[in-house]
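Values in this document were obtained by computation on a predicted structure and should not be read as measured data. Quick note: residue numbers are just sequence positions, from 1.
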Amino acid sequence: MMTGTDNESLLEDGSQGDGQHRLRIWQKVTIELNSPEVLKPEKTSWRSYLQWILAPILSAATGFILYYQGPWYGLATFYVSLIAALLVRPGWRWFYIAMVTTPRDTKALFAYIRVLLFIKRQERKNVNIGDIFEANVARHPDKLAIVSESQQWTFRQLNEHSNRVANVFHSHGYKKGDVVGLLLENRAEFVATWLGLSKIGVITPLINTNLRGASLQHSITVGQCTALIYGASFRSAVMDIAKDLPAHVGLYQFNDEANQEIVASEGLSQGLAQQLNGLLETAAKDKVAAGASRPDHHDKLVYIYTSGTTGLPKAAVITHSRYFFISAGIHFTLGFKDQDVFYTPLPLYHTAGGVMSMGQALLFGSTVVIRKKFSASGYFADCSRFQCTVGQYIGEMARYILATPSASHDRKHQVRMVFGNGLRPQIWPQFVERFGIGKVGEFYGATEGNANIMNNDSTVGAIGFVSRIMPQIYPISIIKADPHTGEPLRNSKGLCERCQPDEPGVFIGKIVRGNPCREFLGYVDQKASSKKVVHDVFSKGDMAFISGDLLVADERGYLYFRDRTGDTFRWKGENVSTSEVEAQLSNLAGYKDVIVYGVSIPHTEGRAGMAAIYDPSREVEVGQLGVELAKALPGYARPLFLRFLRKIDLTGTFKLRKVELQQQGFNPDIVEDELYYAQPNGVYAPLTSSIYERIQRNELRF
């Protein structure tokens with residue numbers, strides 16, 4: 001639930017529904033539905049026939065001139081023949097694409113080489129995260145590492161606290177390979193705790209602080225925790241499940257505020273938990289005990305849980321080498337500087353905040369500013385206050401920030417770049433213009449996956465790119481797949497096929513065992529991991545990570561997110577992308593939260609569109625919204641049903657949950673929120689119980 005932030009009020013006060021911020025562009029996703037079993041073979045083009053004819057002729061001509069005129073004339077003829085062949089296939093257009101994308105690709109290639117050299121250097125020396133962090137401590141011990149509203153920790157302080165943690169748990173018998181969970185709010189001790197545990201080889205599952213009850217218990221057990229460190233703020237949540245946890249799970253309570261020692265006694269007085277603060281005070285801070293086992297470069301570091309938008313969280317494995325790759329990858333690709341000051345209001349238990357941003361401090365010696373809870377109105381105010389140069393966003397954050405009233409700090413900051421994922425193209429230009437952002441580094445990837453991409457030149461809407469002239473360098477692809485199930489479509493040989501430009505498909509990344517850049521580590525649960533791997537992709541025996549997301553590439557190789565497989569639904573014979581409808585509808589509703597999904601109507605084929613709009617104060621005028629939707633969306637894509645939510649549920653990464661809404665449908669006897677339906681003339685009217693019954697009896701047709 002959205003509590004503790006000012007998002008609700010800012011969306012009420014900061015709505016920007018005027019026409020200048022609305023994009024009237026409907027990007028229709030056209031997907032050819034072939035048989036899910038076998039793809040129809042493509043007809044051979046005239047270019048192929050011509051190429052087969054020219055090949056022997058040009059070869060013979062080259063050989064003839066080489067024999068009679070000598071090597072220099074022969075070499076010149078060879079180059080002319082090569083150009084002639086390329087002009088036939090792939091054609092002159094290929095040369096144009098190569099010319100306009102070479103600067104982008106060259107920049108990315110040099111960055112990738114730097115990443116590989118950095119990774120190989122750490123691998124060769126068998127360096128772990130603690131090793132490189134301590135090297136940064138030695139270089140600038142008194143430089144600020146982590147800053148928040150209430151804390152300012154130097155590299156020395158962070159290292160000393162991590163050593164205390166390592167020594168406490170080493171003295172309690174924890175060793176390399178053990179698992180100790182961490183449930184703590186955003187603060188410097190969060191990083192110091194898992195860092196300290198890593199110094200003795202202990203793996204730390206980073207648990208979502210929003211979880212309660214069965215979900216919290218599941219995260220502890222699926223991570224195979226032998227102990228749990230929790231902040232006093234979460235003592236009630238832990239005590240509620242303490243007796244249901246396995247008997248061997250030890251509990252350690254950390255009082256994150258000085259005045260909590262008296263009030264936070266639940267669990268301690270019952271002997272269910274130990275007080276960690278007192279143990280840390282007496283532990284050595286200068287170095288880790290000599291008898292502790294040191295982790296290797298490829299050992300497991302932490303578990304990071306998926307956001308759980310479609311079910312219980314799954315624990316993804318992050319090794320030391322994987323942490324290096326993620327942090328260094330974005331560092332070199334986007335051109336971060338060691339002297340940059342990073343701002344992240346994201347939870348540190350997720351990859352975006354805990355690896356991408358915090359990794360800049362641990363690996364490169366930068367300063368990272370954190371915040372306990374995201375505040376839209378406080379985002380650029382914080383950036384100005386702490387003199388941040390790089391800001392991070394995720395999910396719907398950018399839209400929340402854009403919806404706030406204009407303020408003096410909108411441009412009075414030193415932020416030269418923002419990076420993250422989820423900045424919708426419909427608001428990208430407005431966001432950059434209003435806040436004076438010089439560069440946007442949009443990225444795409446999954447915590448557990450190996451198919452990670454980045455937009456390195458601020459192309460609006462692009463989440464990354466794949467080179468059209470050197471695609472083999474970074475083996476990622478978009479393959480043809482069923483848009484509803486995500487199941488790859490295969491040809492007569494049983495292999496997958498790449499999509500053509502502007503053809504949506506599922507995004508995959510080739511798996512190469514032993515290569516930290518191409519390895520797929522998956523989840524702790526091996527059964528869940530196997531579901532994310534597709535076999536026999538382009539040749540028999542090869543493997544790839546399958547993302548489950550529909551992407552599309554344009555002619556220049558820029559990649560654009562379309563939808564998650566299963567979120568696209570079919571209505572009136574057309575495929576409707578929920579993400580596209582959500583983006584348009586959110587703009588028309590003043591940047592409010594919008595969730596779009598398909599619902600079943602009796603006696604009709606496919607699923608009808610339904611939109612849930614978060615509008616607790618009921619600012620949206622339904623009649624006007626209907627008029628605007630008619631202008632912005634084609635008929636088949638307009639939601640037939642509207643639901644105005646009084647409350648909304650978000651994941652820790654600001655993603656909207658839609659499973660429960662979809663299950664509840666449009667029954668007014670079940671749904672307490674206001675419901676509307678689209679009449680034949682397109683005007684929305686209240687959906688009453690009598691209207692619902694008429695729909696069920698097929699008396700109202702759509």
Intermediate values then yes/no, side-chain contact (heavy atoms from CB on, under 4.5 Å), V288 and I200: CA-CA 8 Å; V288 178; I200 59 173; 3.9 Å; yes
N/O donor-acceptor pair under 3.5 Å between R399 side chain and Y591 backbone: yes
Chi angles and distances behind the side-chain contact (heavy atoms from CB on, under 4.5 Å) call for V418, L423: CA-CA 10 Å; V418 294; L423 180 55; 5.6 Å; no
Geometric class of the H331/F364 ring pair [parallel <30°, tilted 30-60°, perpendicular >60°]: parallel
Of F336, Y444, Y343, Y393, the residue whose pairing with F419 passes ring-ring contact (aromatic ring centres under 6.0 Å, His included): F336
Contact check, side chains of H320 and P295, non-hydrogen atoms, under 4.5 Å: yes
Set of side-chain contact (heavy atoms from CB on, under 4.5 Å) partners for K287, sequence neighbours left out: none
Q360 and S366 side chains, donor-acceptor separation under 3.5 Å: no
K510, NZ atom: more than 12 neighbouring heavy atoms under 6.0 Å: no
Residue pair Q152 / I146, side-chain heavy-atom distance below 4.5 Å: no
Straight-line distance of D340 CG to S357 OG, nearest 0.5 Å: 11.0 Å
Output field: ring centroids Y349/Y305 closer than 6.0 Å: no
Any donor-acceptor pair under 3.5 Å from Q275 side chain to N277 backbone: yes
Any side-chain heavy-atom pair of L280 and V165 under 4.5 Å: yes
Contact summary for T333 and A111, nearest pair of heavy atoms: CA-CB, 3.8 Å
Spacing of CZ belonging to F169 relative to OG1 belonging to T204, to within rounding of 0.5 Å: 9.0 Å
Rounded distance [0.5 Å steps], SG in C225 versus CD1 in I207: 5.0 Å
Sole residue of D105, T459, I476, I453 in side-chain contact (heavy atoms from CB on, under 4.5 Å) with F465: D105
Pairwise distance CZ(R104) to CG(N456) - rounded to 0.5 angstrom: 7.5 Å
Derivation of the side-chain contact (heavy atoms from CB on, under 4.5 Å) call for K199 and N128: CA-CA 9 Å; K199 290 184 176 184; N128 59 46; over 6 Å; no
Set of salt bridge (Lys or Arg N to Asp or Glu O under 4.0 Å) partners for K175, sequence neighbours left out: D178
Non-hydrogen atoms of L346 and A352 that approach each other most closely: CD1-CB, 3.7 Å
Check: N455 side chain, V440 main-chain N or O, donor-acceptor pair, under 3.5 Å: no
Shortest non-hydrogen contact between A145 and A361, atoms and distance: O-CB, 4.1 Å
L216 side chain near L183 side chain, heavy-atom distance below 4.5 Å: yes
Nearest-0.5 Å distance that lies between atom CG in N159 and atom CG in L195: 7.5 Å
Contact summary for G329 and V115, nearest pair of heavy atoms: CA-CG2, 3.8 Å
From CA spacing to verdict: side-chain contact (heavy atoms from CB on, under 4.5 Å), F342, C388: CA-CA 6 Å; F342 293 82; C388 300; over 6 Å; no
Donor-acceptor contact present, side-chain Q387 to main-chain C383, <3.5 Å: no
Worked verdict on E134 versus R139 for salt bridge (Lys or Arg N to Asp or Glu O under 4.0 Å): CA-CA 9 Å; E134 289 181 351; R139 275 193 290 269; over 6 Å; no
Evaluation steps, ring-ring contact (aromatic ring centres under 6.0 Å, His included), between Y474 and Y112: CA-CA 9 Å; Y474 194 61; Y112 190 50; 5.5 Å; yes
Pairs meeting criterion salt bridge (Lys or Arg N to Asp or Glu O under 4.0 Å) with involvement of residues 141-155, two or more places apart: D142-R156
Pairs meeting criterion salt bridge (Lys or Arg N to Asp or Glu O under 4.0 Å) with involvement of residues 456-466, two or more places apart: none
Side chains of T404 and S377, donor plus acceptor under 3.5 Å: no
Qualifying residues under salt bridge (Lys or Arg N to Asp or Glu O under 4.0 Å), relative to R187, sequence neighbours excluded: E185, E189, E257
Mutual orientation of the aromatic rings belonging to F435 and F380 [parallel < 30°, tilted 30-60°, perpendicular > 60°]: parallel
Check: H413 side chain, H409 main-chain N or O, donor-acceptor pair, under 3.5 Å: no
Exam field: side chain T319 to backbone H298, donor-acceptor pair closer than 3.5 Å: no
Shortest non-hydrogen contact between E448 and A316, atoms and distance: CB-CB, 3.8 Å
More than 12 heavy atoms of other groups within 6.0 Å of R114 CZ: no
Ionic contact status for E281 with R164, cut-off 4.0 Å: no
Minimum side-chain heavy-atom gap L279-Y252 below 4.5 Å: yes
Side-chain (N186) to main-chain (L348) donor-acceptor, under 3.5 angstrom: yes
Close side-chain approach of Q224 to V524, heavy-atom, < 4.5 Å: yes
Donor-acceptor pair, side chain of D299 and main chain of D296, under 3.5 angstrom: yes
Shortest non-hydrogen contact between G196 and A166, atoms and distance: O-CB, 3.2 Å
Polar side-chain atom of S148 near backbone of I370 as donor-acceptor pair, under 3.5 Å: no
Flag side-chain contact, heavy atom, 4.5 Å: F507 against L559: yes
Set of salt bridge (Lys or Arg N to Asp or Glu O under 4.0 Å) partners for R556, sequence neighbours left out: none
Min side-chain heavy-atom separation F443-N452 under 4.5 Å: no
Pairwise distance CG(L184) to CD1(I229) - rounded to 0.5 angstrom: 8.5 Å
Side chain R434, main chain F431, donor-acceptor under 3.5 Å: no
